[in-house]
Amino acid sequence: MAKSSMIKVLENWKVSPPPNSAPSTTLPLTFFDIPWLFFSPSQPLFFYEYPHSTSHFLSFALPNLKLSLSLALKHFFPFLGNLVLSSCDSKKPKILYNAGDYVSFTIQESSGDFSYFVSNHARDVHEFYPLVPDLAITSSEPVLIHLFAVKVTIFSQMGFCLGLAYQHVAADGRTFNNFIKAWASLCANSSFLTDSFPSFDRSVIKDTDGLEEIFLKELWKRKSSHEVIIGTAKTHVDLSNMVRETFLVSPSDMERIKKWIIGKCKKKNQPIPIHLSPYVLTCSFIWVCLVKTQTQIVQGENYHYSSEDPNYLGFIVGGLTRLDYPVPATYFGNCVGFGRPMAIRGELMGKDGIVVAANVIGNMIRKLDKEFLYGAENWISDWEVLFGSEVHLLISGSPKLDLYETDFGWGRPKKIEDISIDSNRAISLIESRDVKGGIEVGLALSRPQMEVFSSLFVGNLKMIFSEL
């Protein structure tokens, strides 16, 4: 284990767009946005190699990074604003940007070993939290919550970390990716594609099923909107002995898992699961490994689960191609739905557990393909059982976003980490940096659990390979 890093804060800035370049704007939340009030902020970290001194970074890299952020915020100005939450039930939450609003931008230096942070092996989760920016929250009424913040950490002569935090209620992964890619493009090339301008037209989202009213009632049932957005009311995860690790599921692994599933089904004259995509194959394999991990003796306690217990897997699906009406690809906001397939623990634990997992995930995707808002009225109430629960699994991220192509002018990221999975008991999926078609799986577990999971991950792959 690496020794704890020393952090020295160098400066704090408030970054705004050029004067008079972004109009004051109020954006109401749509029914796609409201469920994200129940989620903690997203906290991605982008690590870049930069083999120069801290003074070199401050003189040459930092000015361009700040200027390009200012220019990008000119187009994506809602990230400058605040989420406005009132204790009054009649006042709907909204995003408000006023001229003069800003993004907090912190620059600091770390004594840590850059190679430790960008490796795949088990690393103490606590080492990463000093790299994550805070999102300011006012205690006044109404409550104002900053939507986006930046923290840059320099590892002299080695690299730097671009730490980001944003409230998911403002933007889904697609929207945030569009913003980050625009910022990177401006930083690397000083250009911005005109066809990438975001669309803020909320009228493109059609609430034909009255979901907004249902979700707002769910919101006001909670003790306070302040608790809802922070997420403290639902996550009680012990981070004291937790480590994070990255596992690669390669295209060859996926192909062998797929052949193994098909072979099992043919042998038993069973239908072959639909949607045996890289995403489904990876989620099915990881889900089974985690369920088996939960049954092991961990930290001196014997965790007992009934074989009849239902186990849920929660994931996010894009709506742009699934809705029966058009939404621009540049739409600023959330346009995603939720899938929550269920399988019985005993079946997941069985010899054909991966087949079971692939079936229920594939069937849920097929339902959402046909009826994107299937079960939407229960999105909030159903998903609450997933928060902070050790027996269920959340999937964060998507390998379709090509995050490793985010080049600010210093090359592709050396590593990307999603810190928010720690408190959500989730796993992150991102495209592999170095293996084309591969998927990087990030997860955080207690050290004993991680050792068990790692053994199962390798052992189950070997088992599959040996049975082909």
Assign the ring pair [X] / [Y] to parallel, tilted or perpendicular, where the plane angle (0 to 90°) is split at 30° and 60°.
X: Tyr50; Y: Phe160; answer: perpendicular
X: Phe47; Y: Phe128; answer: perpendicular
X: Phe408; Y: Trp410; answer: parallel
X: Phe247; Y: Phe457; answer: tilted
X: Phe176; Y: Phe148; answer: perpendicular
X: His146; Y: Tyr102; answer: perpendicular
X: His126; Y: Tyr129; answer: tilted

Min side-chain heavy-atom separation [X]-[Y] under 4.5 Å:
X: Leu443; Y: Met450; result: yes
X: Pro93; Y: Leu37; result: yes
X: Leu429; Y: Ile286; result: no

| Phe338 and ring pair (Phe, Tyr, Trp, His ring centres under 6.0 Å): which partner among Phe372, Phe32, Trp383? |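 Going through the options one by one, the only one that passes is Trp383.
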
What distance separates [X] [atom1] from [Y] [atom2], expressed to the nearest 0.5 Å?
X: Glu417; Y: Ser428; atom1: CD; atom2: OG; result: 7.0 Å
X: Met242; Y: Arg244; atom1: CE; atom2: CZ; result: 9.5 Å
X: His121; Y: Thr246; atom1: NE2; atom2: OG1; result: 10.0 Å
X: Asn177; Y: Leu401; atom1: CG; atom2: CG; result: 5.0 Å

| Trace of the side-chain hydrogen bond (donor to acceptor under 3.5 Å, both in side chains) decision for Thr175 with Asp172 | CA-CA 5 Å; Thr175 297; Asp172 56 20; 3.0 Å; yes

| query | Under a 4.0 Å N-O cut-off, is there an ion pair linking Glu255 with Lys258? | reply |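 Salt bridge absent between Glu255 and Lys258.
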
| Residue pair Tyr166, Phe179: steps toward the side chain to side chain contact (heavy atoms under 4.5 Å, CB included) verdict | CA-CA 12 Å; Tyr166 71 98; Phe179 165 62; over 6 Å; no

| message | Please report whether the ring centroid of Phe332 lies less than 6.0 Å from that of Phe77. | response |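 So the answer is no for these two rings.
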
Just by distance, no angles: are the side chains of [X] and [Y] close enough, under 3.5 Å, to form a donor-acceptor pair?
X: Ser199; Y: Asp201; value: no
X: Asp382; Y: Tyr312; value: no
X: Asp253; Y: Ser250; value: yes
X: Glu212; Y: Thr30; value: no

| message | Is it the case that over 12 heavy atoms from other parts of the model lie below 6.0 angstrom from the NZ atom of Lys74? | response |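 Counting neighbours around NZ of Lys74, 12 or fewer heavy atoms of other residues, nucleotides or ligands fall under 6.0 Å, so no.
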
